[in-house]
Amino acid sequence: IVVTGSDDRLWKMWTLPDGNIIMTYEDHTDWLSGCCFHPSGTQLVTSSGDTTARIWDFSKRGCILTLEGHAHAVWDCSWHSCGDFVASASMDNRSKIWDVNSERCRYMLCGHKDSVNSIELLPFSNTVLTSSADKTLSLWDART
């Protein structure tokens, strides 16, 4: 399965190797910048220029949660290996760790001096890695 986004706010899910489209969604109001599968493969998180990240459920065939709170475009998103947390990286120089169950931001990572362009959560850990336009990589302990 391959997920593609585009600058027209549309994302598509394709199968390999035949290239058949499984699903197409359009719910973001600006360009798409990233996507990541839930560890179980039943959901997807997408990030967008509309300042949000959205969680999509394949069985419900739609968006089940919109994560709002960034002041500028969200460049990247990632699931934690436990499946209960989503991380987002934004042009507002901040990253956020979202608790999907409570539908709120649990941690905000502040310290970069420019856009945070990517974010990864180390599996089975509280460690977060971010990269920024300020030319730095940062390792964070999400608990502190």
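- Residues Val74 and Ser88 meet the side-chain proximity criterion, which asks for heavy atoms closer than 4.5 Å.
- To the nearest 0.5 Å, atom SG of residue Cys36 and atom CG of residue Leu44 are 8.0 Å apart.
- With hydrogens and angles ignored, the 3.5 Å screen pairs a side-chain donor or acceptor of His38 with a backbone N or O of Ser40.
- Rounding to the nearest 0.5 angstrom, the gap separating the CG atom in Asn93 from the CG atom in Leu109 is 12.5 Å.
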Working note: Arg54 + Leu65, criterion side-chain contact (heavy atoms from CB on, under 4.5 Å); need CA distance, chi angles, decisive distance, verdict. CA-CA 6 Å; Arg54 292 181 187 263; Leu65 180 60; over 6 Å; no
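- A distance of 5.0 Å separates CD of Gln43 from CG of Asp57, quoted to the nearest 0.5 Å.
- Between the CG atom in Leu122 and the CG atom in Leu139 there is a gap of 8.5 Å [rounded to 0.5 Å].
- Ile64 places none of its side-chain heavy atoms less than 4.5 Å from the side chain of Trp56.
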With side-chain contact (heavy atoms from CB on, under 4.5 Å) as the criterion, how do Thr46 and Thr52 come out once you've worked through the C-alpha distance, each side chain's angles and the decisive distance to 0.1 Å? CA-CA 8 Å; Thr46 56; Thr52 70; over 6 Å; no
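- In terms of heavy atoms, Ala73 sits closest to Thr51 at N-CG2, 4.0 Å.
- Ion pairing of Lys113 with Asp134 is absent here, as no side-chain N (NZ or NE/NH1/NH2) approaches a carboxylate O to less than 4.0 Å.
- Residues Met108 and Ser95 fail the side-chain proximity criterion, which asks for heavy atoms closer than 4.5 Å.
- Side chain of Lys96 to main chain of Gly69: a donor-acceptor pair is present (N/O by atom type, distance under 3.5 Å, no hydrogens or angles).
- A salt bridge links Arg143 with Asp141: the distance from a Lys NZ or Arg NE/NH1/NH2 to an Asp or Glu carboxylate oxygen falls below 4.0 Å.
- Between the side chain of Ser132 and the backbone N or O of Ser115, at least one donor-acceptor pair lies under 3.5 Å.
- Contact of the Ile119 side chain with the Val128 side chain is registered, since non-hydrogen atoms from C-beta on lie closer than 4.5 Å.
- Taken to the nearest 0.5 Å, the CZ atom of Arg94 stands 4.0 Å off from the SG atom of Cys110.
- Between Val45 and Ala53, the shortest heavy-atom distance links the atoms CG2-CB, 4.2 Å.
- The minimum heavy-atom distance between Leu129 and Leu137, with the atom names listed, is CD1-CB, 4.4 Å.
- Residues Ser118 and Trp75 have side chains that never bring a donor and an acceptor to within less than 3.5 angstrom of each other.
- Of the listed residues (Ser33, Cys63, Ser48, Ser47), just one forms a side chain to side chain contact (heavy atoms under 4.5 Å, CB included) with His28, and that residue is Ser48.
- Phe85 and Trp140 fall within a single hydrophobic cluster, where Ile, Leu, Val, Met, Phe, Trp and Tyr are joined by side-chain heavy atoms under 4.5 Å apart, directly or via other members.
- Residue Ser81 comes nearest to Pro39 through the heavy atom pair O-CG, 3.4 Å, listed as atom of the first residue, atom of the second, then distance.
- Side chain of His80 to backbone of Ser125: a donor-acceptor contact under 3.5 angstrom is found.
- In this structure, Val100 and Asp84 have side chains that are not in contact, with every pair of non-hydrogen atoms separated by 4.5 Å or more.
- With rounding to the nearest 0.5 angstrom, the CG atom of Asp114 is 9.0 Å from the OG1 atom of Thr136.
- Using a 4.5 Å cut-off on side-chain heavy atoms (C-beta onward), Ile55 and Trp79 make contact.
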